[in-house]
Amino acid sequence: MKRTIRLILLGAPGAGKGTQAEKISAEFGIPAISTGAIIREAIAAGTEMGKSAKSYIERGALVPDEVVIGIIKDRLAESDCEGGFILDGFPRTVPQAAALDEMGVSITDVISIEVSDERIIERMGGRRVCKKCGATYHVVFNPSPKGENCGVCGEALTIRADDDPAVVRSRLDVYHEQTEPLKDFYAKKGLLKIVEGQEKLEDTTALTFKALENA
Ligand code: AMP
């Protein structure tokens, strides 16, 4: 019997959180929840939330805490989260982490995937995403079996607007200033595990699974 996992994945943008979240989701049969993906869907659908979030995302800034906290509150109330979940990209600030505590959400694991800024900037240019199903690829490190189309649903792959190098740099600054303090926040709770991001993503996956086994 596998234990219940309520996991937070921390790490800079482009560290590989989304890819690892997909692997853990498949292995443990729990949903991977990406606030970034939910916001991008809302922008594509033209909802009120999407319209208000668009300018933040495009310049690499964080969407206001109350917006993302509301998104997560609604999503965690859905029945598929009862057996556990993976949070990819939330929390990103100390007030967001405090809000999870206030909601009574008991996190079992926090894994920070560590990759240097230099390598992230190198990697981001090759990232491709499927706007339809949310799958992510890298032209060199994790190519789609269908080339420029999604290996899951066949949709043409796209480059995220916020993967532009100048925007990536400001997203990294935001990460160091606002999100990295969460490592300390969760270390103090005894939950933090560090995984060094490897050249090959399957090696990072092996280390991530090991971190979950040794909880
Ligand atoms: P991601 O797909 O996780 O890299 O997120 C893309 C963008 O969505 C970020 O650069 C933010 O603008 C926004 N975003 C996603 N999650 C959060 C969050 N927890 N707090 C604030 N903004 C977020």
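We number each residue from 1, following the sequence as shown. Every number for a ligand or one of its atoms is a count from 1 in the order of the listing.
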Applying the side chain to side chain contact (heavy atoms under 4.5 Å, CB included) test to Leu87, which of Leu9, Leu100, Val110 qualifies?
->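 Going through the options one by one, the only one that passes is Leu100.
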Review point. Going through the distances and angles, do Arg171 and Asp163 end up as a salt bridge (charged side-chain N to carboxylate O under 4.0 Å, His left out)?
Key: CA-CA 9 Å; Arg171 290 169 68 201; Asp163 280 350; 3.2 Å; yes
Q.
Test your reading of the model: is there a side-chain donor-acceptor pair from Arg128 to the backbone of Glu148, 3.5 Å cut-off?
A. no
- Query: What distance do Met49 atom CE and Ile43 atom CD1 have between them, rounded to the nearest 0.5 Å?
  - Reply: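 Here the rounded value is 8.0 Å.
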Distance under 4.0 Å, heavy atoms only, partner ligand 1: which residues pass?
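The answer is Thr35, Gly36, Ile39, Arg40, Ile57, Ala61, Leu62, Val63, Val68, Gly89, Phe90, Arg92, Gln96, Arg160, Asp162, Arg171, counting any residue whose heavy atom sits under 4.0 Å from ligand 1.
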Should Pro31 and Cys81 count as side-chain neighbours, where that means a heavy-atom distance under 4.5 Å?
->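 Yes, side chains in contact.
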Taking side-chain contact (heavy atoms from CB on, under 4.5 Å) as the definition, give me every residue that meets it alongside Thr208, ordered by chain and number, with sequence neighbours left out.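 Result, side-chain contact (heavy atoms from CB on, under 4.5 Å) vs Thr208: Gln20, Ile24, Ile111, Val195, Thr204.
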